[in-house]
Amino acid sequence: MEVSLIFKIAAVGILVTILGQILKHSGREEHAFLISLAGLILVLTWILPYIYDLFMMIQDLFSM
Amino acid sequence: MEIIKIGILGVTGVMLALQFKSGRPEYGFYLGTVICLIIFFFSLQGLSTLLSRVQEIETYLSVSGSYLGFLFKAVGITYVCEFCASICKDAGYGAVAGQIEIFGKLSVLMMGIPVLIAVVENINALAGQVG
């Protein structure tokens with residue numbers, strides 16, 4: 001659980017925004033959508049294991 | 001100290017997340033969720049030491065050992081439900097957050113029912129002896 005995760009997600013967000021704008025203004029709307037979808041899935045794959053760890057930790061910490 | 005580190009981490013993360021308010025709000029939301037997770041992991045160490053201390057105290061209170069387990073479970077349930085509800089509120093979905101909170105309250109209530117019954121039985125037994 002390093003703090004670098006925050007900066008990784010921020011970097012992906014900025015990249016997706018820029019690429020999306022470029023693609024949008026060069027007339028390729030669907031590519032812009034695909035880029036944002038890819039960014040979404042990438043960030044989710046990073047976040048989901050940590051959320052899973054959180055809930056497992058709470059379960060055994062509070063003996064639920 | 002620890003709290004300063006947490007404060008700085010939270011504020012910088014939120015400032016970073018604000019950059020996405022205009023273009024891509026969902027990334028701001030992901031950043032918010034990740035910051036919540038990181039801060040929770042930091043507070044976990046303190047929490048586990050606290051719980052082990054309370055377990056030590058539990059050995060002295062031989063009678064209410066099982067009820068302490070209920071107490072921990074209630075704290076766990078409320079924490080999870082509050083965490084998810086506030087995340088949903090951040091995303092702007094207050095209705096979903098309300099449903100999660102209602103479910104959390106109900107589950108804690110359902111969990112507390114046996115304790116209540118035990119108390120009432122004790123009172124009944126006492127009343128029986130007196131009456």
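Values below: every heavy atom of this structure, side chains too, minus hydrogens, waters and symmetry copies. Chain naming here is simple, since letters A, B, ... match the order of the sequence lines and numbering starts at 1 in each. These numbers come from a predicted model, not from an experiment.
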Exercise. Just wondering, do A:Phe62 and B:Ile77 contact through their side chains at under 4.5 Å, heavy atoms?
Worked result: no

Problem set entry | Within 6.0 Å of CZ in B:Phe103, more than 12 heavy atoms from elsewhere | no

Seminar exercise, completed: Bottom line for B:Phe41: the part with an atom under 4.5 Å from chain A's heavy atoms is side chain

For this session: Might you point out which heavy atoms bring B:Gly13 and A:Ile6 nearest each other, and give the distance in Å?
Result: CA-CG2, 4.5 Å

Exercise. Checking heavy atoms, do the side chain of B:Ile38, its backbone, both or neither come under 4.5 Å from chain A?
Worked result: both

Exercise. If you group Ile, Leu, Val, Met, Phe, Trp and Tyr by side-chain heavy-atom gaps below 4.5 Å, do B:Ile87 and A:Phe55 land in one group?
Worked result: yes

For this session: Could you state whether B:Met1 and B:Ile6 fall into the same hydrophobic cluster, counting links through intermediate Ile, Leu, Val, Met, Phe, Trp or Tyr residues with side-chain heavy atoms under 4.5 angstrom apart?
Result: no

Exercise. With only heavy atoms counted, which part of A:Val3 is less than 4.5 Å from chain B, the side chain, the backbone, both or neither?
Worked result: both

For this session: Calculate, to the nearest 0.5 Å, the distance between atoms CD1 and CD1 belonging to B:Ile35 and A:Ile9 respectively.
Result: 9.0 Å

Exercise. Using non-hydrogen atoms only, which part of B:Thr12 is less than 4.5 Å away from chain A: side chain, backbone, both, or neither?
Worked result: neither

Exercise. Is atom CE of A:Met56 surrounded by more than 12 heavy atoms (other residues, nucleotides or ligands) closer than 6.0 Å?
Worked result: yes

Problem set entry | Distance in Å, B:Tyr27 OH paired with A:Leu15 CG, rounded so as to fall on 0.5 Å steps | 9.5 Å

Problem set entry | Hphob cluster co-occupancy, B:Leu116 + B:Phe70, side-chain heavy atoms under 4.5 angstrom | no

Problem set entry | Nearest-0.5 Å distance, CG of residue B:Leu51 to CG of residue A:Leu61 | 5.0 Å

Exercise. Which bit of B:Leu71 comes within less than 4.5 Å of chain A, counting heavy atoms only: side chain, backbone, both or neither?
Worked result: neither

Exercise. Which heavy atom in B:Phe20 sits nearest to a heavy atom in A:Gly13, and how many Å separate them?
Worked result: CE2-C, 3.3 Å

For this session: Evaluate the criterion side-chain contact (heavy atoms from CB on, under 4.5 Å) for residue pair A:Leu40 and B:Tyr30; output intermediate values, then yes/no.
Result: CA-CA 9 Å; A:Leu40 172 79; B:Tyr30 295 146; 2.4 Å; yes

Exercise. Transitively linked via ILVMFWY side-chain contacts under 4.5 Å: B:Leu9 with B:Val11?
Worked result: no

Exercise. What distance separates B:Thr33 OG1 from A:Tyr50 OH, expressed to the nearest 0.5 Å?
Worked result: 14.5 Å

For this session: Look up atom CD1 in A:Ile47 and atom CG in B:Leu37, then write down how far apart they are to the nearest 0.5 Å.
Result: 7.5 Å

Seminar exercise, completed: Taken to the nearest 0.5 Å, the spacing of A:Ile14 CD1 from B:Arg24 CZ works out to 13.0 Å

Problem set entry | Side chain, backbone, both or neither of A:Ile58 within contact of chain B (heavy atoms, under 4.5 Å) | side chain

Exercise. Does one hydrophobic cluster hold both B:Phe83 and B:Tyr93, with members joined at side-chain heavy-atom distances below 4.5 Å?
Worked result: no

